[in-house]
Amino acid sequence: MSSSSTTTTTTRLLMLKASDGVTFEVEEAVATKLGAINNMVEEEGSEDLICLPNVNGKFLGMVLEWCKKHANNNTNSDKGNDEVNKWWDKEFVMDLDQNTLYHLLMAADYLSGTELVDLLTEKVASMIRGKKVEEIRETFKIKSDFLPGQEEEIRKKNSWAFE
Amino acid sequence: MEYLSEVSESSSSFQALDVHPRVRNCDQSRTAPPPWFSYGAGAPNAKRLCPNPNSDQNHNRKEGAAAINRFFLLKQVPEEVVEEILLRVPATLSVQEVVEEILLRVPADSLKICKRVCKSWFDMINRPSFVNKHLVRNRVSTESKKMTTSSHSKSFFLKWIREDENIDTPPPLNDHHHANDLSKLELSLVTISEEEEEEDNDDGDRSDHLPCVIERVNLPPVPAVADQQRKPFPSDFRVTHCNGIIHMFDHYRDWTALLLNPALAQFKLLQDPPDLPLELDTFIGCGFGYDSYEGNYLFLNPKSVCCRGAYYWLNVPRTKHDELLLDTRDGRVVSYNLCAERLRTVPLPGAVFAGFTSASSFYFKSLVSV
């Protein structure tokens, strides 16, 4: 990791401290992609250290990586930005394992990163679509808590079968 | 991650006194008043979201308590007070709310299956507030797609009567006996893909078939119901729809009406649609609409409702060109493109009995229970 002195001084830097003490130094324009940080910056102005006791460093890093990418892409050129962002988003969520996906989603939600929450919930939804009940349970390690017969009852209710 | 400078925790000065006030500010950014103040209570959604519930929560708690003590200039603040202050620090949304966000993005036919996954999903999907959110979400996304992109596929809903295949002479046009045979009625959801169409043109292969996907909408065994009730249903009925619910209405006999939700495979027989002034609609039919203020589905007389469904020959509005659908006496439904002046067949799975086909645009599949 490079030291903080290498970054340019033209933009303001914010320090974000994760729950495990890991600290990130990021440009204000990047961090304010997150609604929660944006609010704090607007309200408190000059303060440079923001503690985020509910986000682990690993996931805060990933969230900031996403913010950085989107902040950059938005300032570069106008044309094709959406495509670039979309392509990048696709790459970003492609290989996430479920554990990471979960924690990342929680972190994004906590930080009010609306667009990122959108992206991640969409990803999870895509893991549900078109699957059978057992497959969904298997994917998300959900244990059925229906009483015997209850599930069958719901299934029947959802079919044209009529007595 | 060259842009992120990870600074080691060099001094404890990072442990600012106001750790928690910051957290509070952070969460005030949420629009809704936080109902999750009942921290740790037995409520089902009181489960905290925290990257690592076991370790981080405790760690945060300790850190929080320490910060509170420092804030009060190291006077030992009683445990209960610390607890009380921590209660006031809303952490994040509940797991349930995030799960809801996810399920809102799942289409209705998959949600039908999701209901059976576990009780909490079942309860959530059945909640009227969820159903409404899902409805609004899908309507907005479908309509915005329709308006902004010309390459988006377009669905419509087609009612047609299947023609007997081994018949030598076709029955006379508008033969009501034939048309009344419900077993021959077919409902199809047709989705035209414009992109495929363009590819088609590139190849120079001017296919006779409209490029589309046809899904069969299965009908429930309504005749069994009708027999039971001694009301033959339906004879010649109108089909309209609203928010993904198909409304079949028998305008000749007894005002029998049937609501169908093909996505959830549910139906409901309505025998006495309320408050219909008889003289108004003997031949016009009956409207079926959604009251977005009250959130109710209503029967309305045709003069006061503008229903999206139509019982005319279909004119599918599209961005580039219109398709005009017609059924023909030789057992097909054809699509006539007004712009390209091109006639193509809609490849329905069976011969069509002429004279009773109707179609209307069908925006999405709905979760609403009928």
Side-chain angles (χ1 to χ4, degrees), chain A residues 1-4 6-7 15 17 19-26 35-40 43-44 49-56 59 61 64-65 68 103 105-107 109-110 112 117 121-122 124-125 128-133 136-137 142-146 151 154-155 157-160 162, chain B residues 1-9 14-16 19-20 22-23 25-30 49-52 56-57 59-60 63-64 91-93 95 97-98 101-107 109-122 218-222 224-225 264-267:
Chain A
M1 289 291 166
S2 57
S3 89
S4 59
T6 58
T7 48
M15 296 279 238
K17 190 175 163 230
S19 63
D20 49 1
V22 180
T23 309
F24 296 91
E25 199 172 61
V26 277
I37 310 267
N38 191 37
N39 267 28
M40 277 187 268
E43 279 172 26
E44 299 185 23
L49 173 71
I50 296 172
C51 293
L52 302 162
N54 279 314
V55 187
N56 183 293
F59 304 111
L64 291 172
E65 192 188 346
K68 173 85 177 175
H103 292 311
L105 181 51
M106 296 313 157
D109 180 55
Y110 170 69
S112 311
V117 170
T121 45
E122 186 56 49
V124 182
I128 298 175
R129 271 181 227 132
K131 282 210 170 87
K132 296 196 183 91
V133 178
I136 296 172
R137 285 198 195 122
I142 297 171
K143 223 179 155 202
S144 169
D145 50 359
F146 287 113
E151 193 193 331
I154 297 165
R155 201 186 59 78
K157 215 177 157 187
N158 275 329
S159 71
W160 294 128
F162 189 88
Chain B
M1 297 213 297
E2 75 290 340
Y3 48 89
L4 293 176
S5 311
E6 203 172 293
V7 179
S8 65
E9 191 175 359
F14 280 148
Q15 310 246 347
V19 165
H20 280 78
R22 280 170 177 285
V23 175
N25 281 330
C26 158
D27 275 76
Q28 275 169 358
S29 66
R30 301 201 174 283
L49 286 189
C50 177
N52 189 340
D56 289 2
Q57 188 86 31
H59 177 72
N60 292 342
E63 197 181 52
T92 55
L93 285 177
V95 172
E97 281 164 290
V98 171
E101 278 299 310
I102 292 166
L103 291 181
L104 281 173
R105 290 166 167 78
V106 174
D109 36 6
S110 286
L111 283 177
K112 176 177 74 183
I113 287 158
C114 289
K115 273 186 180 182
R116 283 161 51 203
V117 169
C118 64
K119 270 185 186 168
S120 61
W121 285 25
F122 178 81
N218 283 318
L219 281 175
V222 182
V225 184
L264 293 186
Q266 286 184 340
F267 74 97

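Quick caveat: nothing in here was measured; it's all calculated off a predicted structure. Keep in mind that the numbers below use all heavy atoms, side chains included, and drop hydrogens, waters and symmetry copies.
Within the 4.5 Å cutoff, side-chain heavy atoms of B:Ile102 are placed close to those of A:Leu105.
Scanning all heavy atoms of the two residues, the minimum distance from A:Gly130 to B:Ser110 falls at N-OG, 2.9 Å. Between B:Trp121 and A:Ile128 the shortest heavy-atom distance is CH2-CD1, 4.0 Å. Pairing each heavy atom of B:Pro107 with each of A:Arg129, the nearest pair is CD-CG, 3.2 Å.
Take B:Ile113 and apply the side chain to side chain contact (heavy atoms under 4.5 Å, CB included) test, not counting sequence neighbours, and it matches A:Val133, A:Ile136. Scored by the side chain to side chain donor-acceptor pair (under 3.5 Å) test, A:Thr121 finds B:Arg105 as partners (sequence neighbours excluded).
Taking CZ of B:Arg116 as the reference point, atom NZ of A:Lys132 lies at 11.0 Å (rounded to 0.5 Å). Between atom OG of residue B:Ser120 and atom CD1 of residue A:Ile142 there is a gap of 7.0 Å, rounded to the nearest 0.5 Å.
Interface residue B:Leu103: only side-chain heavy atoms are found under 4.5 Å from chain A.
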